[in-house]
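Structure first, commentary second.
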Amino acid sequence: MNGNNRKRKNWTLSLSIAVGVALAAAVIGCMGGQPTGQADRIYLSATAGSVLFDHGTHQENADSCVSCHHDLLSAELTSTCTDCHDDDRTSDDFEHAELKEFHERNCVTCHESTNDREPVSCRDCHSKAQASEIRTATCQECHDDSFEPDMMSHDEYQEIEDHSCVGCHNPATVSEVYHTNCTGCHTVNAPERFLDESGAPVCAACHLR
């Protein structure tokens with residue numbers, strides 16, 4: 001009996017030591033800040049079904065943070081048309097929406113990113129539902145009748161509002177933002193996963209039920 005008790009005590013002691021070593025290793029790993037690969041994965045709630053969004057993966061693959069967090073951009077331009085083109089075209093020859101499409105919505109092609117702003121949630125600016133179908137505020141909502149939109153250029157308005165587009169524009173809804181940006185990128189980079197045989201987006205590729 002004494003021999004069995006001794007074996008049992010030795011086995012218990014060995015097990016306790018092994019568990020202690022494993023716990024110590026786990027604590028040291030956490031203190032060392034080793035990434036778990038799960039910290040950046042969040043669920044975005046949506047009426048069509050929640051979307052599992054891996055921020056870390058997108059951060060690694062995106063050209064820059066401003067690919068999604070466009071509020072980090074400065075209104076100032078870092079380049080002119082002639083920096084890339086050999087003709088006499090200027091940004092005034094095109095609408096801003098056209099320029100965004102030409103450059104695949106990569107705003108850093110023309111604008112510089114700022115270091116004094118932190119990324120914010122899309123929902124901070126983009127509401128769940130659109131308050132009005134009218135996307136641009138009239139001057140008279142803030143000024144008297146003597147103000148007209150054509151008094152200044154778009155760049156001048158941006159400078160006055162410190163590049164806060166919501167000073168004049170009603171932002172698109174959050175669903176419009178996600179569908180435009182996410183679908184636009186996914187269908188180019190992974191069409192076999194996000195498009196069906198007809199080329200239409202597959203909702204279930206993003207929305208979980």
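The analysis underlying the following values was restricted to heavy atoms, covering all of them including side chains, and did not include hydrogens, waters or symmetry mates.
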So, using ring pair (Phe, Tyr, Trp, His ring centres under 6.0 Å) as the criterion, who are the partners of Phe194 when residues are at least two apart? His186
Taking side-chain hydrogen bond (donor to acceptor under 3.5 Å, both in side chains) as the test, write out the residues that go with Ser146, two or more places apart. Asp144
Indicate, with yes or no, if Ile42 and Val174 share a hydrophobic cluster defined by side-chain heavy-atom contacts under 4.5 Å among Ile, Leu, Val, Met, Phe, Trp and Tyr. yes
Test of understanding: with side-chain hydrogen bond (donor to acceptor under 3.5 Å, both in side chains), list the residues that count as partners of Thr57, not counting sequence neighbours. Asp54
For Thr187 against Gly184, the heavy-atom pair lying closest together: OG1-O, 3.4 Å
Hey, could you give me the CZ/CZ distance between Arg41 and Phe53, rounded to the nearest 0.5 Å? 12.0 Å
Sorted by chain and residue number, the side-chain contact (heavy atoms from CB on, under 4.5 Å) partners of Asp93 (sequence neighbours excluded) come out as Arg89, Thr90
Taking transitive links into account, so neighbours of neighbours count too, which hydrophobic residues share a cluster with Val188 at under 4.5 Å side-chain distance? none
Sidechain-backbone polar pair: His179 side chain, Ser175 backbone, donor-acceptor under 3.5 Å: yes
With sequence neighbours excluded, give me every salt bridge (charged side-chain N to carboxylate O under 4.0 Å, His left out) pair touching residues 180-194. none
Would the His126 and Tyr178 ring centres measure less than 6.0 Å apart? no
When every non-hydrogen atom of Thr183 is compared with those of Pro201, the smallest separation belongs to CG2-CG, 3.9 Å
With sequence neighbours excluded, residues passing side-chain hydrogen bond (donor to acceptor under 3.5 Å, both in side chains) with Asp196: Ser198
So how far is it from Glu156 CD to Met151 CE, rounded to the nearest 0.5 Å? 10.0 Å
Partners of Glu148 by salt bridge (charged side-chain N to carboxylate O under 4.0 Å, His left out), sequence neighbours excluded? none
Give a yes or no on whether the backbone of Pro149 and the side-chain of Tyr157 come within a donor-acceptor separation of less than 3.5 Å. yes
In chain order, what residues pass the side-chain hydrogen bond (donor to acceptor under 3.5 Å, both in side chains) check against Thr82, with sequence neighbours excluded? Thr80
Apart from Leu52 itself, residues in the same hydrophobic cluster as defined by side-chain heavy atoms under 4.5 Å: Tyr43, Leu208
